[in-house]
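Have a look at the structure below, then the notes.
Keep in mind the model is a prediction, meaning the values are calculated, not measured.
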Amino acid sequence: MRYILLLTLIITLQSCEGQKKKARVGDSDFQIKMNAKFKDASKSPLTKKGLRRFKELDFFLIDNTFKVNAKLVKTPDAPTFNFPTTTDRVAVYEKYGIVSFTIEGKEFELAIYKDENPKPEYADHLFLPFFDNTNGKTSYSGGRFIDVLTSDENEDGTITIDFNKAYNPYCAYSDRYSCPITPRDNYLDIEIKAGVMAYKK
């Protein structure tokens, strides 16, 4: 009898632990808003078939290892950058600066961009596209994006970058979109296990 009670207790504890781990997925404001957008037919990038089958996006577990205060060196005199896209369209961005940071003892740097002619509601948005070693495995093969705000800049010349807010370009969900192609130079030689995972069609 004692053996049965002990076994029941162990199974219950393991079940609770599993639920705790699962509860971390979809709990952040970013993840909640992303799921809400994807469920909204007026905003969702999903195809009609994909929308009917959609339940929620897959996210890596939130990990503050991937939230960094990066040194920002602005490049106000840099020429505009013409991003090739997944269609014939060319997306024109200004190179806003270079961000450098450390993750797990390794030093990295990425170029960060600003839309040359943003809509008023996106006037303070910066665009950070990147590749990492999860691409084509647990994340989208074409790289992922992060929206960073100029208001995320700190007085000490750093800017907060949260890779837990990394998302897939809409082209990962439907071929009706024209998406900027991530520059090969914006590659991180590390697995960024944070943000949105690969979409399973």
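- When only modelled atom types and interatomic distance are considered, Asn69 and Thr160 share a side-chain donor-acceptor pair under 3.5 Å.
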Leu149 and His125: CA distance, side-chain angles, deciding distance, side-chain contact (heavy atoms from CB on, under 4.5 Å) verdict:
CA-CA 5 Å; Leu149 304 178; His125 281 233; 3.5 Å; yes
Under the side-chain contact (heavy atoms from CB on, under 4.5 Å) criterion, do Asp63 and Leu61 qualify, and how do the steps go?
CA-CA 6 Å; Asp63 187 344; Leu61 295 182; over 6 Å; no
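- Around the CG atom of Asp40, the shell of radius 6.0 Å holds more than 12 heavy atoms that belong to other residues, nucleotides or ligands.
- Across all their heavy atoms, Ile161 and Ile146 have their closest contact at CG2-CD1, 4.1 Å.
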Is there a side-chain contact (heavy atoms from CB on, under 4.5 Å) between Ile98 and Ile112 once you walk through the steps?
CA-CA 6 Å; Ile98 299 291; Ile112 192 167; over 6 Å; no
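- Summarising the geometry of Pro169 relative to Phe145, their closest heavy-atom pair is CB-CE1, 3.5 Å, with the distance given to 0.1 Å.
- Residues Pro129 and Phe83 have side chains in contact (heavy-atom distance under 4.5 Å, counting atoms from C-beta outward).
- Counting heavy atoms from C-beta outward, Leu126 and Thr150 have side chains that approach closer than 4.5 Å.
- No side-chain heavy atom of Lys193 sits less than 4.5 Å from a side-chain heavy atom of Thr138.
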Got a list of side-chain donor-acceptor pairs under 3.5 Å for residues 44-54, not counting sequence neighbours?
| from | atom 1 | to | atom 2 | distance (Å) |
| --- | --- | --- | --- | --- |
| Ser44 | OG | Phe38 | O | 2.9 |
| Ser44 | OG | Leu46 | N | 3.1 |
| Thr47 | OG1 | Gly50 | N | 3.0 |

What verdict does the side-chain contact (heavy atoms from CB on, under 4.5 Å) test give for Tyr167 and Met34, after you've listed the backbone C-alpha separation in whole Å, the side-chain angles of each residue and the deciding distance to 0.1 Å?
CA-CA 9 Å; Tyr167 62 91; Met34 286 287 288; 3.8 Å; yes
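- With Asp132 as the fixed residue, the salt bridge (charged side-chain N to carboxylate O under 4.0 Å, His left out) test singles out one of Lys106, Lys137, Arg144: Arg144.
- Scanning all heavy atoms of the two residues, the minimum distance from Ser151 to Asp124 falls at OG-OD2, 4.5 Å.
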For salt bridge (Lys or Arg N to Asp or Glu O under 4.0 Å), just list the numbers for Lys74 and Glu153, CA-CA rounded to whole Å, side-chain angles, deciding distance to a tenth of an Å, and then say yes or no.
CA-CA 11 Å; Lys74 295 183 181 179; Glu153 295 180 38; 3.1 Å; yes
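- The backbone N or O of Ala78 lies less than 3.5 Å from no partner atom in the side chain of Thr75, so there is not a single donor-acceptor pair.
- Contact annotation: the side chain of Phe101 never approaches that of Glu109 to less than 4.5 Å [non-hydrogen atoms, C-beta and beyond].
- Evaluation of the side chain to side chain contact (heavy atoms under 4.5 Å, CB included) rule for Thr86 yields Cys171, Cys179, Ile181 as partners, not counting sequence neighbours.
- Between the side chain of Asp156 and the main chain of Thr158, a donor-acceptor pair closer than 3.5 Å is present.
- Using a 4.5 Å heavy-atom threshold, the side chains of Ile159 and Asn154 count as separate.
- In this model, no donor atom of one side chain and acceptor atom of the other lie less than 3.5 Å apart for Thr182 and Asn186.
- Here the side chains of Ile103 and Val68 are in contact, with some heavy-atom distance below 4.5 Å.
- Nearest heavy atoms, Ser139 versus Thr134: OG-OG1, 2.6 Å.
- Looking at residues two or more places apart in sequence or on another chain, you find a side chain to side chain contact (heavy atoms under 4.5 Å, CB included) between Ala172 and Tyr140, Asn168.
- Ring geometry, Phe127 versus Tyr113: the interplanar angle falls from 30° to 60°, so the pair is classed tilted.
- Both Phe108 and Tyr96 are assigned to one and the same hydrophobic cluster, defined by single-linkage of ILVMFWY side chains at heavy-atom distances under 4.5 Å.
- Judged as a side chain to side chain contact (heavy atoms under 4.5 Å, CB included), and not counting sequence neighbours, the contacts of Thr85 are Thr87, Arg89, Ala91, Ser178.
- Evaluation of the side-chain hydrogen bond (donor to acceptor under 3.5 Å, both in side chains) rule for Asn117 yields no partner, not counting sequence neighbours.
- Other residues, nucleotides and ligands contribute at most 12 non-hydrogen atoms within 6.0 Å of the OH atom of Tyr122.
- Of the N and O atoms on the side chains of Asp189 and Asn133, at least one donor lies less than 3.5 Å from an acceptor on the other residue.
- Between Phe163 and the options Phe66, Phe60, Phe130, a ring-ring contact (aromatic ring centres under 6.0 Å, His included) holds for only Phe130.
- Annotation: side chain of Val99 is not in contact with side chain of Lys71 (no heavy-atom distance under 4.5 Å).
- In this structure, a donor-acceptor pair under 3.5 Å is absent between the side chains of Tyr93 and Asn82.
- In this structure, Glu107 places its CD atom where only 12 or fewer heavy-atom neighbours from other residues, nucleotides or ligands lie under 6.0 Å away.
- When the shell of 6.0 Å around CZ of Arg184 is examined, it contains 12 or fewer heavy atoms from other residues, nucleotides or ligands.
- Annotation for Phe131: hydrophobic cluster partners, listed by chain and number, are Tyr187 (ILVMFWY side-chain heavy atoms under 4.5 Å, direct or chained).
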